[in-house]
Amino acid sequence: MVHLEAGKRDQRMILEKNNYGIVSVILVLLCACSVISCGNQDRKKAAVPAPQEDLILGFSQIGAESAWRMCNTRSVQEAAAGSGIQLLFANAEQKQENQIKAIRSFIAYQVDVIAFVPIVADGWDNVLLEAKEAGIPVLVTDRKITTADESLFAGFIGTDSIQEGREAGLFLLEKFRTRLAAGGTAPITVVELSGTEGSSAALGRAKGFREVIDAHPAFRIVESISGDFLRSKGYEIMQGILSKNRNIDVVFSHNDGMTLGILDAMQEKGIKPGKDIVIVTIDAEQAALDALRAGKVNCVIECNPKTGPAIMDLAKRLAAGEAIPRLLHVEESVFTEGDDLSAVGPRGY
Ligand code: AHR
């Protein structure tokens, strides 16, 4: 639990952390509204950069739905601690409304910078306008937003989900090269388990994938269902699909969490993933690389969660009144069944 010192701000925020590292924010307003509005007027002099040692970053995370997400949270928390930034961390538990509330709390608290992972792409304009009017720069991270007014946020840092989808398609072109070249009439049937509906991660991965495979009519997406990035849903959905259709050549899963559930469902039915059905997955968690090594997965596309240090660097620059790049994509790799993986170290997630 972290208490900010009295006197640092007109209000006091208490952060509580549960045993699983899931942190929730409880904002306690200690002062009357009149005091808050005085504080706001002071802070509206946003042109005056915040002193670096006093930098307060409000961070709204979407939840803890996957090992990837938990690593992303650790990366942010460790990087903040390592760079002397006060982190106000809020876990939205997969609800956009909780994220909007958290961002409003950060505005009321007059943090120096706000960063957030938008659970879905749409619906942020009003709260971001409030942040802009309060003079607080906003950094969007991991997932993107759609907005008609790009001035509502300072920049984005995170993964390139369209490219991740393209990589999945490119792997399949190579995997089915002979069959495609033979030009037979039998379709290559694909089941897609997508991520959270309306999230840029799911939209981008679906888009990039189709960009590549749509040029080859042999590929046929026979099912595309959202598993919400959850292992439990990956399992349930694949159980349901396998009970009515065994004629599947490929499963493209938008994240490793769902993939692990998919593998369980297949193995329960005596299907050998990676051999009977080609499996392509995104994230590159340790468990997925282990499955790749064991021949149960054919291609793993990395989605890099370790953005904490870059976020802290950008937060410092924003607090100092500097401009930051509009778009920063992090470096990512692709691991396939043909690769020598001996040099790939522990993933850390
Ligand atoms: O936004 C990134 C996605 O969200 C990751 O692929 C997934 O595992 C996570 O929960």
Side-chain angles (χ1 to χ4, degrees), residues 1-4 8-9 11-18 20-27 50 52 54-66 68-120 124 127-128 130-132 134-145 152-159 199-201 304-320 324 328 330 349:
M1 184 186 285
V2 177
H3 289 252
L4 296 187
K8 264 200 145 177
R9 289 286 188 271
Q11 306 154 0
R12 174 178 293 174
M13 186 171 276
I14 298 171
L15 300 182
E16 287 187 342
K17 185 173 185 177
N18 72 19
Y20 300 97
I22 299 169
V23 185
S24 59
V25 174
I26 300 168
L27 182 66
Q52 295 290 293
D54 197 28
L55 199 162
I56 298 180
L57 171 67
F59 189 93
S60 167
Q61 178 60 284
I62 59 178
E65 73 281 2
S66 60
W68 188 99
R69 180 67 53 205
M70 289 188 265
C71 176
N72 182 239
T73 292
R74 275 198 306 280
S75 174
V76 167
Q77 290 174 332
E78 287 169 11
S83 44
I85 289 179
Q86 280 274 14
L87 183 70
L88 303 187
F89 184 88
N91 176 341
E93 293 174 352
Q94 308 299 322
K95 291 199 176 80
Q96 183 177 31
E97 70 207 63
N98 289 347
Q99 290 204 277
I100 291 173
K101 274 186 207 150
I103 293 171
R104 291 212 165 104
S105 302
F106 298 149
I107 296 169
Y109 189 68
Q110 303 155 34
V111 300
D112 299 300
V113 179
I114 292 170
F116 79 113
V117 177
I119 182 157
V120 290
W124 301 101
V127 74
L128 293 186
E130 290 166 33
K132 186 178 173 182
I136 301 174
V138 174
L139 179 63
V140 178
T141 181
D142 174 25
R143 298 184 186 174
K144 292 177 178 154
I145 62 168
L152 292 179
F153 66 102
F156 167 85
I157 177 161
T159 61
S199 68
S200 72
N304 185 348
K306 297 174 185 172
T307 45
I311 290 170
M312 298 312 139
D313 178 55
L314 293 169
K316 284 181 181 173
R317 287 161 64 183
L318 287 172
I324 60 164
L328 284 171
V330 291
Y349 63 105

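In what follows, residues are counted from 1 in the order of the sequence shown. Predicted model, so just to flag it, every value in this text is computed and none were measured.
Here the straight-line distance linking atom CG of L88 with atom CZ of F106 works out to 6.0 Å at 0.5 Å rounding. Note that the CD atom of Q61 and the CE atom of M70 stand 11.0 Å from one another [nearest 0.5 Å]. Distance check, rounded to the nearest 0.5 Å: CG of L55 to CD of Q86 gives 10.0 Å.
The side-chain hydrogen bond (donor to acceptor under 3.5 Å, both in side chains) search around E78 returns none, not counting sequence neighbours. The side-chain hydrogen bond (donor to acceptor under 3.5 Å, both in side chains) check on T141 picks up nothing, with sequence neighbours excluded. Partners of E130 according to the salt bridge (charged side-chain N to carboxylate O under 4.0 Å, His left out) rule, which considers only residues two or more places apart in sequence or in another chain, are R104. Here T307 pairs with N72 under the side-chain hydrogen bond (donor to acceptor under 3.5 Å, both in side chains) rule; sequence neighbours left out. Partners of A79 by side-chain contact (heavy atoms from CB on, under 4.5 Å), not counting sequence neighbours, listed by chain and number: P309, M312. In this structure, Q96 has no side-chain hydrogen bond (donor to acceptor under 3.5 Å, both in side chains) partners at least two apart in sequence or on a different chain.
Taking both residues in full, the closest heavy atoms of A134 and I107 are given as CB-CG2, 3.7 Å, listed atom of the first, atom of the second, then distance. Across A201 and R143, no two heavy atoms sit closer than the pair CB-NE, 4.1 Å. The two residues K144 and V140 make their nearest non-hydrogen contact at CA-CG1, 4.4 Å. For A154 against L318, the heavy-atom pair with the smallest separation is CB-CD2, 3.6 Å. Residue Q99 comes nearest to S60 through the heavy atom pair NE2-OG, 3.0 Å, listed as atom of the first residue, atom of the second, then distance. Of all heavy-atom pairs spanning G63 and T73, the tightest one is O-OG1, 4.4 Å.
In this structure a side-chain-to-backbone donor-acceptor pair under 3.5 Å is present from S105 to K101. For D112 (side chain) and I56 (main-chain N/O), a donor-acceptor pair under 3.5 Å exists by modelled atom type.
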*asked:* Would K95 and I119 count as a side-chain contact (heavy atoms from CB on, under 4.5 Å) here? Give the steps.
replied: CA-CA 7 Å; K95 291 199 176 80; I119 182 157; over 6 Å; no
*Could you walk me through whether I324 and L139 pass the side-chain contact (heavy atoms from CB on, under 4.5 Å) test, one step at a time?*
CA-CA 9 Å; I324 60 164; L139 179 63; 3.7 Å; yes
*How far apart are the C-alpha atoms of T159 and D142, what are their side-chain angles, what is the distance that settles it, and do they pass the side-chain contact (heavy atoms from CB on, under 4.5 Å) test?*
CA-CA 6 Å; T159 61; D142 174 25; 4.1 Å; yes
*Going through the checks in order, is the side-chain contact (heavy atoms from CB on, under 4.5 Å) test met by F59 and V117?*
CA-CA 8 Å; F59 189 93; V117 177; 4.0 Å; yes
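W124 and F116 have their aromatic ring centers within a separation under 6.0 angstrom.
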